[in-house]
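A quick write-up on the structure given underneath.
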2 protein chains.
Amino acid sequence: MTDPMEERATTPARLRSLPTRLLSLVTMHSDRIVTEGLAGADARKWHYAVLATLEEAGPASQAELSRRTGVYRSDLVSVINELSARGLVERAPDPADRRRNVITLTEAGRDRLRRLDALLGSLADEVLAPLDAAERDQLTALLTRLLDHHGGHPAPGGG
Amino acid sequence: MTDPMEERATTPARLRSLPTRLLSLVTMHSDRIVTEGLAGADARKWHYAVLATLEEAGPASQAELSRRTGVYRSDLVSVINELSARGLVERAPDPADRRRNVITLTEAGRDRLRRLDALLGSLADEVLAPLDAAERDQLTALLTRLLDHHGGHPAPGGG
DNA sequence: GTACATCGTTAGTGCCACTAACGCAAGCGG
DNA sequence: CCGCTTGCGTTAGTGGCACTAACGATGTAC
């Protein structure tokens with residue numbers, strides 16, 4: 001029973017215009033939408049990242065997946081566990097280098113990737129709802145430049 | 001000693017152009033820069049948020065600060081502890097409503113706020129380095145529209 | 001005066017980025 | 001062949017943060 005007249009306390013102008021804070025807040029909403037959306041499809045952000053990387057670059061070791069996706073080697077273990085438990089990837093020892101595992105996308109994985117592609121598209125639509133196509137491109141371009149300037153990933157593998 | 005020729009594994013195009021992922025990644029860098037910058041000044045993000053709110057809106061109860069800043073009531077306790085331990089705010093029981101505490105900005109708090117203002121300005125400069133003034137305005141405007149559309153804060157007090 | 005809402009506070013959960021260390025395997029120099 | 005270094009997968013653990021639940025004390029509404 002929240003009062004319809006509920007006066008939502010106003011945030012100071014200084015905070016509202018702080019770009020770093022804006023980024024944090026918007027990303028919080030965005031991440032929540034994406035995380036919940038993916039959870040509804042029995043998936044997580046990293047699942048998609050790994051599946052997409054595998055499709056575009058082919059089978060790879062876990063370390064290489066780590067470098068490409070930005071997921072830490074240590075966290076990748078459980079991601080691969082989950083994916084292979086669902087039959088979306090296969091984990092096999094690399095005969096050429098016995099330190100490595102070769103991770104391969106299965107047919108089921110490819111199918112799942114299709115669906116996640118569509119799902120993430122609609123989730124992005126939800127996040128960017130108030131912007132038209134040109135503005136979305138603008139935003140993407142600006143963010144891409146910021147990201148490139150700051151060196152892409154934290155690059156977990158790379159020291 | 002990073003090798004200048006180090007071949008940074010390329011991230012799939014699909015991931016690079018995903019706006020929700022861009023937001024996450026950029027914000028990770030931004031948050032890190034801000035958090036580390038503030039840590040160097042013995043402060044945290046919420047310190048600034050609380051101090052700024054107090055200056056703009058005057059003394060307030062913790063619950064009201066929570067509503068204005070978006071910080072949860074429960075987490076605000078330790079923030080106020082830290083701020084009052086540093087002599088930047090004063091916490092006193094409200095004689096008019098004995099459930100409440102009145103949080104007041106001290107002179108030292110005002111001084112600190114000035115310095116944090118400057119610091120955060122330069123940190124924002126660092127984050128937005130590759131963008132010129134017009135582009136920064138663009139970004140801020142786009143983010144503000146997204147934030148407004150998604151309802152400002154999670155509004156911890158009001159759920 | 002009884003039911004309900006609000007306030008400050010404590011405790012705890014779950015997620016995520018990140019670090020440390022270990023055992024194993026490969027490569028390289030002598 | 002041997003020792004050193006490097007990369008690999010894996011386990012365990014840390015710290016911060018968003019968020020929930022509950023409680024005692026206090027205010028408000030009916």
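Just the heavy atoms: all of them, side chains too, but no hydrogens, waters or symmetry mates, feed the values below. All values reported here derive from a predicted model rather than from experimental measurement. The chains referred to below are lettered A, B, ... by the order of the sequence lines, with proteins before strands, and numbering in each begins at 1.
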Just by modelled atom types, is the [Y] backbone N or O under 3.5 Å from a matching donor or acceptor in the [X] side chain?
X         : Y         : result
Thr144(B) : Thr140(B) : yes
Thr53(A)  : Ala49(A)  : yes
Arg136(B) : Leu128(B) : yes

Which sits closer to the 5' end of DNA chain C, Val102(B) or Asp97(A), going by the nucleotide each is nearest to? Val102(B)
The single option from Thr106(B), Asn81(B), Asp42(B) passing side chain to side chain donor-acceptor pair (under 3.5 Å) against Arg86(B): Asp42(B)
What's the [atom1]-[atom2] distance between [X] and [N], to the nearest Å?
X        : N       : atom1 : atom2 : value
Arg21(A) : dA18(D) : CZ    : P     : 10 Å
Asp31(A) : dC17(D) : CG    : P     : 16 Å
Arg67(A) : dT6(D)  : CZ    : C1'   : 12 Å
Asn81(A) : dA12(D) : CG    : P     : 13 Å
Met28(B) : dC16(C) : CE    : P     : 12 Å
His29(B) : dC16(C) : NE2   : P     : 18 Å
Arg32(B) : dC16(C) : CZ    : P     : 17 Å
Leu76(A) : dC18(C) : CG    : P     : 14 Å

Any pair counted as salt bridge (charged side-chain N to carboxylate O under 4.0 Å, His left out), so long as it reaches residues 75-84 of chain A, sequence neighbours left out: Arg44(A)-Glu82(A)
Would you say dG7(D) has OP1 or OP2 under 4.0 Å from some side-chain N or O of Gln62(A)? no
Are any of Asn101(A)'s side-chain N or O atoms less than 4.0 Å away from OP1 or OP2 of dT10(D)? yes
Closest heavy-atom pair and its distance - Thr27(A), Ser24(B): CG2-CA, 3.8 Å
Scanning both residues in full, the closest heavy-atom pair of Gly37(B) with Leu119(B) reads O-CD2, 3.7 Å
Tell me which residues in residues 82-95 of chain A put a heavy atom below 4.0 Å from DNA chain D, sorted by number, or none. Arg91(A)
Does any residue of residues 35-58 of chain A have a heavy atom under 4.0 Å from DNA chain D, and if so, which ones, in number order? none
Are Glu64(B) and Arg67(B) within salt-bridge range, i.e. N to O under 4.0 Å? no
Kindly write out the residues that satisfy salt bridge (Lys or Arg N to Asp or Glu O under 4.0 Å) with Glu36(A), not counting sequence neighbours, or none if the list is empty. none
Nucleotide N/O of nucleotides 19-24 of chain C paired with protein N/O under 3.5 Å:
residue	atom	partner	partner atom	Å
dT19(C)	O4	Ser74(A)	OG	3.0

Just to verify, what does Glu135(A) make a side-chain contact (heavy atoms from CB on, under 4.5 Å) with, not counting sequence neighbours? Leu131(A), Asp132(A), Leu142(B), Arg145(B)
Reference residue Leu65(A); test side chain to side chain contact (heavy atoms under 4.5 Å, CB included); the match among Leu54(A), Asn101(A), Val71(A): Leu54(A)
